[in-house]
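For reference, the structure discussed in these notes is given below.
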Amino acid sequence: MAKPDPIDALAEAVRGGDRRALARAITLVESTRPDDQAKAETLLAQLLPATGGAARLGISGPPGVGKSTFVEAFGLHLIEAGRRVAVLAVDPSSPRSGGSILGDKTRMPDLSRATAAFIRPSPAGGTLGGVARRTREALLVCEAAGFDVVIVETVGVGQSEIAVADMVDLFVLMLPPAGGDELQGLKKGIVEIADLLLVNKADGDLAAAAGRTVADYAAAMPLLHGGRGKWVPPVIPVSALERRGMDAVWAAIGRHRSALGESGLQGRRAAQAVGWMWGEIDEALRAHLRADRAVSGRLGDLENKVSQGLMTPGAAARTILAAVLDGGRARP
Ligand code: GDP
């Protein structure tokens with residue numbers, strides 16, 4: 001009898017919920033070796049029909065706001081309700097696997113011990129685009145393995161929030177209890193893409209400040225998201241440390257899901273998938289361009305001309321594209 005194809009066997013084991021197979025599959029997806037990438041593509045093609053079943057949640061917020069503490073508390077809350085939870089991270093600043101966000105499992109000690117949970121640190125280094133792609137694919141693998149909820153966490157720096165918001169059904173922004181002045185420092189763009197705001201540390205001495213922060217944001221949200229029938233992000237006080245507010249968060253996620261409806265959800269996911277496709281095309285084309293020696297040799301000169309105002313960006317771009325599209329024929 002022919003030996004079963006190892007990728008078929010891996011796909012089968014992932015769909016069966018085998019944790020070691022899941023970890024191996026994600027390692028394959030994260031690998032940058034060309035032969036692994038071909039295998040990962042075959043694997044993902046086989047898993048694709050089994051994806052789509054999880055609630056995809058993203059969470060971000062400034063360092064120290066309590067994301068890890070919250071993900072642990074919320075994850076345990078979901079597990080107690082019988083759900084299986086996977087936690088992934090996007091952190092392009094992380095120099096290696098096991099970097100700043102989740103590498104240290106002691107940050108989520110109880111959740112990392114739970115058999116119904118799976119925690120995966122950010123894939124090793126690379127561009128945000130590369131890290132985001134591998135996280136999106138890891139998300140699909142987790143769905144195929146039957147997780148009910150996949151939480152993608154990112155630190156509140158750079159463009160990573162946008163990358164995460166683009167791969168989830170609902171994006172949570174976590175805020176500290178703070179006075180109005182401190183809130184000014186928050187990037188408005190990130191508040192605008194959030195579907196749900198959580199004000200953490202609503203406990204002890206911070207409870208009153210948290211209450212004021214909730215009120216401030218709750219007043220601002222309808223102005224930011226005005227328009228009839230549009231989803232106005234709820235603002236919910238929580239205490240990750242005391243594990244309070246978890247029910248309210250899950251209920252809000254459910255309301256968002258109902259408001260979106262099945263067609264809205266599928267529409268959001270479809271638009272995201274097409275967006276990823278174009279993102280990959282852009283990345284691949286740029287890589288191709290830089291690898292093309294005849295073209296890459298001219299890039300610096302054209303950049304200089306554009307920066308000195310000697311050439312318009314449009315004309316420079318057309319020069320580069322013409323050189324690539326000519327397949328070398330018209331190159332000087
Ligand atoms: P992250 O950087 O956003 O992941 O934040 P952490 O989860 O590591 O938490 C940062 C600090 O805030 C830790 O010392 C936590 O114990 C503390 N912390 C987290 N959640 C709460 C909370 O709900 N209340 C209070 N008082 N402290 C919290």
Side-chain angles (χ1 to χ4, degrees), residues 57-80 85-95 97-114 117-123 131 135 149-165 168 170-179 182-183 185-187 190-191 193-217 234-250 252:
L57 311 179
I59 180 162
S60 186
V65 70
K67 293 179 295 297
S68 307
T69 312
F70 172 79
V71 169
E72 163 142 291
F74 189 58
L76 289 169
H77 178 81
L78 295 177
I79 286 171
E80 275 162 27
V85 181
V87 181
L88 306 173
V90 173
D91 180 7
S93 66
S94 156
S97 191
S100 52
I101 295 192
L102 289 170
D104 185 0
K105 286 193 174 172
T106 59
R107 294 186 79 196
M108 296 181 196
D110 294 342
L111 193 62
S112 64
R113 271 198 300 273
F118 179 81
I119 300 180
R120 185 81 178 189
S122 187
V131 170
T135 306
V149 180
V150 181
I151 300 175
V152 185
E153 180 189 353
T154 188
V155 285
V157 290
Q159 294 295 306
S160 63
E161 291 103 336
I162 309 218
V164 170
V168 296
L170 175 135
F171 183 69
V172 178
L173 176 62
M174 179 167 269
L175 302 164
E182 289 160 82
L183 299 181
L186 260 165
K187 285 165 283 175
I190 302 308
V191 177
I193 60 169
D195 302 297
L196 174 60
L197 300 186
L198 304 182
V199 179
N200 192 32
K201 310 195 182 182
D203 50 49
D205 291 348
L206 294 167
R212 285 194 298 276
T213 308
V214 168
D216 287 351
Y217 273 95
V235 188
I236 301 176
V238 296
S239 169
L241 199 64
E242 297 180 359
R243 298 188 181 173
R244 285 191 290 106
M246 303 302 131
D247 264 334
V249 175
W250 186 245

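Note that ligands are numbered from 1 as they come in the structure, with each ligand's atoms numbered from 1 the same way. Remember, predicted model here, so these are calculated numbers, not experimental data.
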The reported gap from OG1 in T213 to CG in L206 (rounded to nearest 0.5 angstrom) is 9.5 Å
Please identify which of these residues, V172, V65, L198, I151, meets the side-chain contact (heavy atoms from CB on, under 4.5 Å) condition with F70.
L198
I want to confirm something. Looking only at heavy atoms, which of K201, M108, M174 is nearest to atom 12 (O) of ligand 1?
K201
the protein heavy atom lying closest to atom 8 (O) of ligand 1 turns out to be R107 NH2, 2.9 Å
Hey, are the side chains of P123 and T135 touching, using non-hydrogen atoms and a 4.5 Å cut-off?
yes
Look only at the side chain of T154 and the backbone of V90, and say whether a donor-acceptor pair between them is shorter than 3.5 Å.
yes
Does any N or O of ligand 1 fall below 3.5 Å from an N or O anywhere on A240, backbone included?
yes
Donor-acceptor under 3.5 Å (E72 side chain, D110 main chain)
yes
Tell me, please: is G64 in heavy-atom contact with ligand 1, that is, under 4.0 Å?
yes
For atom 14 (O) of ligand 1, decide whether some protein heavy-atom distance is shorter than 4.0 Å.
no
4.0 Å heavy-atom contact, S239 with ligand 1:
yes
Any side-chain heavy atom of V85 within less than 4.5 Å of one from F74?
no
Within 4.0 Å of atom 10 (C) of ligand 1 (strictly less), any protein heavy atom?
yes
Under the 3.5 angstrom rule, does the side chain of N200 hit a backbone N or O of A240 as a donor-acceptor pair?
yes
Got H77 and V249 here, is their nearest side-chain heavy-atom distance under 4.5 Å?
no
Starting from atom 26 (N) of ligand 1, locate the nearest protein heavy atom and write down its residue, its atom name and how far away it is, to 0.1 Å.
D203 OD1, 3.0 Å
Which residue and heavy atom of the protein sit nearest atom 20 (N) of ligand 1, plus the separation
N200 ND2, 3.1 Å
The side-chain contact (heavy atoms from CB on, under 4.5 Å) partner of L173 among L197, D195, L196 is L197
For atom 19 (C) of ligand 1, which of the options T69, L241, I59 provides the nearest non-hydrogen atom?
T69
Below the 3.5 angstrom mark, is there an N/O of S68, backbone or side chain, next to an N/O of ligand 1?
yes
Contact check: G66 vs ligand 1, nitrogen or oxygen atoms, below 3.5 angstrom
yes
Min N/O separation E242 to ligand 1 under 3.5 Å:
no
